[in-house]
Amino acid sequence: MSDPDVVVQSPGRINIIGEHTDYNEGFVLPAAIDKFVYIAIQKREDQKLCLYSTEFNQHFETELENLSSQKGHWSNYVLGVLPQLIKTGYSVSGLNVLIDGDIPIGAGLSSSAAVECAAIFALNELFQLDLTKIEMIRIAQKAEHEFAGVLCGIMDMFASVYGKKDYAICLDCRSLSYQYIPMTLHDHKLVLFNTNVKHNLASSAYNERRQQCEQGVAWVKEHRPGVQTLRDVTIPMLDQYVLPKDEVVYRRCKYVIEENMRLLMACEDLNQKNLLSLGRKMSATHEGLSKDYEVSCAELDLLIQLVKNNSNVLGARMMGGGFGGCTINLVKENAIEQLVNKVSKNYLKQTGLECSHYVVSIANGTSVVENHSEVLQS
Ligand code: GAF
């Protein structure tokens, strides 16, 4: 695209701790990373939407009046934000859209949320819609629900939009109040190991976990009408009202309640620069996700096993929705190279798969790119 009207960049995200808590009105601790999606848009005179993805090297064309989800297709993440605008009465024209970037797809780093956020930011700029950041986040989340079919929480979009260099975001997903927590890692770095698998059941299992949490809440609510979400539930309530009904639902809910408590203590650890204690909590989260919430998989568990009892790794856990994607590891900087060699070699030996790794830095959130020519390939 030679002369776009607007270019926006939006980052991928990591999550330090607080997994599967966002849709239960709990707490999360994500951060934006130095990997981005770039979206360049030109207004058209007609009603056509002409999209091009450099990653897939594919064009996709449709009309504004024919907007619909294309099962599993990359275009959903751009197209999905448009119906939200149209329904609210905003008028938009046809568009040429170029999508580029370097967030690995399917790695659990929320490349889809980054595309949605970049798209809505760009449209906001282009048509001067005056949307607030929270309105744009909600529109991006709706696009994921309605076009991608995943009933995700708000974490990924919030992290992409509100990211701040060198800080994690402690977000209360009930009130949407948030606090930036400095990520002072001293001589440690965050290293992601990518399983390079994404098992099919990821989105159906995600939606099922959500329902199981809601079921747990409904059983507690029969006795405690004031309870709205798992945020209001305690372990004794679960013991009394949920365990007698269903052991699986009990474990799901217990994990979420424990994870919220771990997260609040992890923020304290970060404030006190106690990385050892933070690392232990990350590892405890993996146990909970693997055994109680059951969203891990053999490849993720293997990557955790391979760094276990290594004194240079303070903590490690699967990250994101689960069933593939990355683990996040808090690793001593001068031990990274050796660790990567060991993990890659053993992972390949035991699974026959390559495992990629990324040493990530924490970056700023979604923004308009003033100097386009540097970021766009074509
Ligand atoms: C996915 C979802 F999109 C998030 O909302 C969150 O629930 C996460 O899985 C699990 O913590 O990334």
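For ligands, and for the atoms within them, numbers begin at 1 and follow the listed sequence. We number each residue from 1, following the sequence as shown. No hydrogens, no waters, no symmetry mates; every other heavy atom, side chains included, goes into these values. Only a predicted model underlies this, so the values are computations on that prediction, with no experimental measurement involved.
The list of ring pair (Phe, Tyr, Trp, His ring centres under 6.0 Å) pairs with a residue in residues 264-307, not counting sequence neighbours, reads His20-Tyr293, Tyr255-Tyr293.
Residue Glu354 qualifies as open at atom CD: its count of foreign heavy atoms under 6.0 Å is 12 or below.
With sequence neighbours left out, the side-chain hydrogen bond (donor to acceptor under 3.5 Å, both in side chains) criterion links Glu268 to Gln272. Looking at residues two or more places apart in sequence or on another chain, you find a ring pair (Phe, Tyr, Trp, His ring centres under 6.0 Å) between His59 and Tyr52.
Side-chain N/O atoms of Gln58 and Trp74 include a donor and acceptor closer than 3.5 Å.
Ion pair Asp232/Lys221 not flagged as a salt bridge, since none of the NZ, NE, NH1 or NH2 atoms sits closer than 4.0 Å to an Asp/Glu carboxylate oxygen.
Around ligand 1 you find Arg13, Glu19, His20, Asp22, Tyr23, Cys152, Gly153, Met155, Asp156, Tyr206, Gly320, Gly321, each with a heavy-atom distance below 4.0 Å.
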